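A short worksheet on the structure shown next.
Keep in mind that this is a model prediction, so the values were computed, not measured. For the numbers below, each heavy atom of this structure counts, side chains included, while hydrogens, waters and symmetry mates do not.
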Amino acid sequence: MNVHLHWFLPTGGDGRTLVDRHAYTDGGIKRDRITPVSGVRAPDIEYLAQIAKAAEQLGFEAVLTPTGTWCEDAWLTTVALAQHTERLKFLVAFRPGVISPVLAAQMAATYQRITRGRLLLNVVTGGDSTEQRRFGDHLDHDRRYARTAEFLSVVRGACGGLRYYFAGDHTRGAGGLTYWRPAPRPYLFWGGGGGGGGAGAAAHADVYLTWGEPPAQVKEKIDWIRGLAEEQGRTVRFGIRLHTISRDSSREAWATADRLLGDLDPDTIAAAQQALGKSDSVGQQRMLALHGGSRDKLEIAPNLWAGVGLVRGGAGTALVGSHAEVANRIEEYHALGVEHFVLSGYPHLEEAYWFGEGVTPELARRGLLPTVPASPLLHGAGGRENRPASAPGGAPLLVAGGR
């Protein structure tokens with residue numbers, strides 16, 4: 001079981017600080033309690049293309065692109081970036097319920113043809129009711145999960161090659177059909193901490209994605225989802241969403257974490273925590289519980305730092321340490337059954353290089369990544385070294401199916 005490495009596209013903006021561009025007190029409209037931020041990089045296509053090209057060159061298989069009112073549309077942005085890359089896949093986050101499932105199936109099929117099969121999908125059921133209402137979605141937390149499961153059933157039916165008739169609690173249609181099927185079928189990534197999220201993932205997900213909790217808590221989730229999937233005769237794979245701060249030495253890495261923490265004043269943390277506390281996402285509440293809004297004791301497990309979650313929604317923990325230490329933690333999660341690691345860091349361009357040039361070779365040396373002979377143009381005639389198969393000079397790393 002190899003490790004699959006993915007990176008992140010900051011389509012809401014990037015920068016050299018944790019002060020989140022999306023932190024808010026009222027659902028994203030007013031920002032009067034947010035400390036002014038310097039060094040922010042706009043998410044224009046030129047900068048995002050730099051990150052995508054770096055991710056491809058460094059051996060990442062895919063990049064996650066978020067969804068929300070604070071970022072660019074994931075479908076449009078990534079299909080544009082596909083023209084700047086050759087084999088990088090795009091893990092597109094989308095919200096069932098804000099578009100027709102038949103239209104979603106058609107979009108996926110078109111995307112696969114345009115990009116030659118580079119689409120993966122990340123199901124986002126939604127945890128912020130304020131933002132959900134902004135998209136016209138007024139269902140409560142539990143009914144959103146039920147609708148997502150129904151939505152995905154319709155998508156599969158519409159891609160089946162025959163006219164599909166459906167009449168569910170949330171969706172109705174007659175003769176739904178995608179003339180060209182998505183080829184290959186995109187892998188489906190699903191995250192959800194509540195009961196409905198677990199049942200939906202067990203029934204529909206290819207990969208269950210959790211945020212970066214300590215290993216013992218991640219194991220509990222894996223055992224839970226695996227048991228639910230086995231009851232339905234299915235097998236689900238597992239992924240984890242983490243930030244990284246990897247350096248040549250542990251001291252350098254923790255100094256970087258301390259610098260990021262130093263940017264955060266009490267008002268900024270209070271504003272972000274007030275907003276995030278309103279979320280009805282079970283996963284978000286678990287993230288908040290890791291630090292309780294306090295700067296104290298942020299290393300919640302060896303090399304696992306919860307400082308990001310003081311001001312950022314969603315993934316709130318980072319692997320911090322030397323390249324070998326970060327590789328140790330990845331190996332630890334991998335031993336629990338985690339295959340897919342969806343990673344990010346501030347700024348995303350520079351941190352991609354820190355990880356790709358430091359941790360990735362370490363993982364390859366440990367046999368966690370497939371390796372191929374290096375290009376003789378890079379290391380002299382006949383030169384060889386362990387390197388990920390999708391790195392420059394090697395054959396592209398292929399993933400069966402497609403998040």
Can you sort out the partners of Ala74 under side chain to side chain contact (heavy atoms under 4.5 Å, CB included), two or more places apart, ordered by chain and number?
-> Thr65, Val92
Do Thr78 and Arg118 pass the side-chain hydrogen bond (donor to acceptor under 3.5 Å, both in side chains) test, and can you show the C-alpha distance, the side-chain angles, and the key distance before you say yes or no?
-> CA-CA 10 Å; Thr78 56; Arg118 291 195 276 155; over 6 Å; no
Side-chain donor/acceptor of His334 to backbone N/O of Met1, under 3.5 Å = yes
Can you measure from CG (Leu363) to CD1 (Ile330) and round to the nearest 0.5 angstrom?
-> 5.0 Å
Residues at least two apart in sequence or cross-chain that pass side chain to side chain donor-acceptor pair (under 3.5 Å) with Thr210, listed by chain then number, are Lys221
Does anything in residues 322-339 pair up under salt bridge (Lys or Arg N to Asp or Glu O under 4.0 Å), and if so which pairs, sequence neighbours excluded?
-> Arg237-Glu339, Arg329-Glu332, Glu331-Arg366
Mind checking side chain to side chain contact (heavy atoms under 4.5 Å, CB included) for Ala62 and listing every partner two or more places apart, or none if nothing turns up?
-> His6, Lys89, Leu120
Sequence-distant partners of Ser100, side chain to side chain donor-acceptor pair (under 3.5 Å), two or more places apart | none
Run the side-chain contact (heavy atoms from CB on, under 4.5 Å) check on Asn2 and Leu368 step by step: do they pass?
-> CA-CA 5 Å; Asn2 288 323; Leu368 295 177; 6.0 Å; no
Residues in salt bridge (Lys or Arg N to Asp or Glu O under 4.0 Å) with Glu351, at least two apart?
-> Arg247
Sorted by chain and number, sequence neighbours left out, salt bridge (Lys or Arg N to Asp or Glu O under 4.0 Å) with Glu350 holds for Arg41
Are any side-chain N or O atoms of Asn303 and backbone N or O atoms of Val320, one a donor and one an acceptor, separated by less than 3.5 Å?
-> yes
Would you call the rings of Phe355 and Trp7 parallel, tilted or perpendicular if under 30° counts as parallel and over 60° as perpendicular?
-> tilted
What pairs meet the salt bridge (Lys or Arg N to Asp or Glu O under 4.0 Å) rule with one or both residues in residues 296-307, with sequence neighbours excluded?
-> none
Name all residues meeting the salt bridge (Lys or Arg N to Asp or Glu O under 4.0 Å) criterion together with Asp223; count only those two or more places apart in sequence or in a different chain, and write none if there are none.
-> Lys219
Electrostatic pair Lys53:Glu56 at N-O distance under 4.0 angstrom | no
Partners passing side chain to side chain contact (heavy atoms under 4.5 Å, CB included) against Glu230 (at least two apart in sequence or in another chain) = Arg226
Residue set satisfying ring pair (Phe, Tyr, Trp, His ring centres under 6.0 Å) with Phe8, at least two apart, ordered chain then number -> His348
Any donor and acceptor pair, going by atom type alone, linking the side chain of Gln83 with main-chain N or O of Val79 inside 3.5 Å?
-> yes
List for me each residue that meets side chain to side chain contact (heavy atoms under 4.5 Å, CB included) alongside Asp248, sequence neighbours excluded, and say none if there are none.
-> Glu252, His323, Trp354
In sequence, state the C-alpha distance, the side-chain angles, and the governing distance for Leu310 and Leu18, and then conclude on side-chain contact (heavy atoms from CB on, under 4.5 Å).
-> CA-CA 9 Å; Leu310 291 174; Leu18 289 180; over 6 Å; no
Please lay out, stage by stage, how Leu188 and Val207 fare under the test side-chain contact (heavy atoms from CB on, under 4.5 Å).
-> CA-CA 6 Å; Leu188 190 68; Val207 179; over 6 Å; no
Under a 4.0 Å N-O cut-off, is there an ion pair linking Arg251 with Asp258?
-> no
Over 12 foreign heavy atoms within 6.0 Å of CZ, Arg116 | no
Counting distance only, does the side-chain N/O of Arg241 pair as donor-acceptor with the main-chain N or O of Val342 below 3.5 Å?
-> yes
What do the steps show when you test Leu9 against Leu81 for side-chain contact (heavy atoms from CB on, under 4.5 Å), and what is the final call?
-> CA-CA 10 Å; Leu9 279 175; Leu81 291 172; 3.5 Å; yes
